[in-house]
Amino acid sequence: MLSSATQILACLLHSQLSEQVSIVPARLKLTLSSHLVSLQTALSTPTRARLRPTFDSLCELDKIRRCHPKSKLLLRLKPPKEDAQFPLGSKFGALKEEVIPLLRAAQESSLDVIGVEFHVGSGARNPEPYRSAIAAAKQVFDTALTLGLPRMHVLDIGGGFKACTRIFYDLVHTINGALRDFFSGESDLTVIAEPGRFFAETSFTLATNIIGKRVRNDLREYWIDDGAFGSMNCILNSGETLPAPIVVKYWNKHGDLTCNEEEVITYPSTVFGPTCDASDTILRGCQLPELQVHDWLVFPNMGAYRASCGSNFNGFNTSAIPTHLVYSNPTTNI
Ligand SMILES: Cc1ncc(COP(=O)(O)O)c(C=O)c1O
């Protein structure tokens, strides 16, 4: 994945880099296939000339040798440390002890391994995994030279970046430091990033409508029209807890749609998704004001790995949820 998105991140990184390490996004005219297990057809498409497959197994290497022997490869490394909302290391990336056998196999097959890729997990919570992965990548660069392979020149630091400014700038600071510490000797290094959630996360707000209600003593129970088999699948897939939503009352006493109206009295509340499955429970023990059918619960930052991971389960079609583009013009205040 190389897009303007990648370029923006690369520019942000570039803005803080030492002059020994230069990142020039405009030069990057290639298509990365970061899926470690590619379909044979994907490796055989007409656009494959620009394809840069990644690999972490002998099986994949053999497939690439048969289907796309002239490709330039990246070796995907399992990061030594992970601290992310969605770790990926249990599924992807070569172990340290697998690096030499994989590089030797590539060499014997005359395959061109041009660099290293890693992904520290999506939604990185702290910068250290990037530093240790960059250090490990440098060791692979050195190992390749020791084995007599051509000098590697691409370092792909994957994704994982959250849009939250403070965490992002911590990550950038650490990544730049690690690039300086470990790669300043590599004169023609190209650094690639593959940000996904960085761009998607905060771009979407999910507005759910209350479609049912039950009162049991103090407890308020609400049903909403989206849930764990739709845009909120993160609850089932990764045990994520969603933050308390913003409440929007359908009608307030003035007859307007209101947001965050001050409510003195709140009740312990449960919020269920619409399906027949009891695990489709969005919030428990959340303090909410008294709500009625047609009121709204609004969840910000729902753009990354949300609706795209939903299903049609129980007849609720996630892809049928309408998306509204909201545009505001700061000059007219509209
Ligand atoms: C290989 C690869 N690159 C990039 C991404 C994007 O990651 P993120 O959304 O955490 O930035 C993913 C997400 O799973 C991925 O698997």
Side-chain angles (χ1 to χ4, degrees), residues 1-13 23 25 28 30-39 42-43 50-57 60-61 63-64 71-79 81-94 113-134 136-137 140 154-172 174-175 190-204 231 233-234 237-238 240 301-310:
M1 181 187 80
L2 271 179
S3 60
S4 56
T6 308
Q7 294 179 3
I8 292 167
L9 181 80
C11 288
L12 286 168
L13 288 167
I23 295 178
L28 304 174
L30 46 84
T31 307
L32 276 172
S33 169
S34 294
H35 272 288
L36 283 161
V37 181
S38 306
L39 289 176
L43 288 171
R50 290 181 296 121
L51 199 65
R52 302 289 181 265
T54 53
F55 70 101
D56 69 357
S57 70
E60 198 60 16
L61 206 52
K63 196 190 296 168
I64 296 166
S71 61
K72 315 267 181 215
L73 311 185
L74 297 180
L75 172 60
R76 170 106 169 228
L77 210 54
K78 178 177 156 73
K81 289 183 191 155
E82 277 187 290
D83 182 12
Q85 274 172 277
F86 304 94
L88 297 169
S90 62
K91 185 170 176 184
F92 300 115
V113 185
I114 58 169
V116 173
E117 184 212 22
F118 61 80
H119 194 308
V120 300
S122 193
R125 294 197 191 98
N126 96 64
E128 180 45 35
Y130 284 97
R131 185 174 173 85
S132 52
I134 289 170
V140 178
V154 175
L155 174 64
D156 181 344
I157 63 172
F161 313 96
K162 284 184 74 64
C164 160
T165 316
R166 191 189 54 75
I167 298 174
F168 180 71
Y169 280 101
D170 280 355
L171 297 184
V172 168
T174 299
I175 290 166
T190 298
V191 180
I192 298 172
E194 305 176 22
R197 73 166 52 247
F198 178 78
F199 297 99
E201 197 165 47
T202 52
S203 329
F204 286 84
S231 310
N233 51 78
C234 53
N237 293 347
S238 55
E240 202 178 327
N301 303 333
M302 293 294 279
Y305 310 110
R306 302 296 199 208
S308 56
C309 303

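One-based numbering, in listed order, for ligands and for the atoms of each. Just so you know, these numbers use all the heavy atoms, side chains as well, and skip hydrogens, waters and symmetry mates.
Within 6.0 Å of the CZ atom in Phe204, the count of heavy atoms belonging to other residues, nucleotides or ligands does not exceed 12.
Those atoms of ligand 1 with a heavy atom of Glu194 less than 4.0 angstrom away are 1 (C), 2 (C), 3 (N), 4 (C), 5 (C), 6 (C), 11 (O). If you number the atoms of ligand 1 from 1 as listed, the ones under 4.0 Å from a heavy atom of Ser122 come out as 8 (P), 9 (O), 10 (O).
Here's the thing with Gly160: one of its N/O atoms is less than 3.5 angstrom from an N/O atom of ligand 1. In terms of polar-atom proximity, defined here as any N/O pair under 3.5 Å, Glu117 makes no such contact with ligand 1.
Checked by atom type and distance alone, the side chain of Asn233 pairs as donor or acceptor with a backbone atom of Arg306 at under 3.5 Å. No donor-acceptor pair under 3.5 Å is formed between the side chain of Lys72 and the backbone N or O of Arg52.
Of the candidates Lys91, Lys162, His119, Arg197, it is His119 that places a heavy atom closest to atom 15 (C) of ligand 1.
For the residue pair Arg131 and Thr174, the shortest heavy atom distance occurs at CB-CG2, 3.9 Å. Counting all heavy atoms, side chain and backbone alike, Glu60 lies closest to Thr54 at CG-O, 4.2 Å.
Residue Tyr305 forms a side-chain contact (heavy atoms from CB on, under 4.5 Å) with just one option from Ser231, Ser238, Ser122, Cys234, and that option is Ser122.
Of all the heavy atoms of Arg76, the ones lying under 4.0 Å from any atom of ligand 1 belong exclusively to the side chain. Proximity of Tyr305 to ligand 1, defined as any heavy-atom pair under 4.0 Å, is confined to the side chain (atoms from C-beta onward). Only the backbone of Pro195 comes within 4.0 Å of ligand 1, counting heavy atoms alone; no side-chain atom from C-beta on gets that close.
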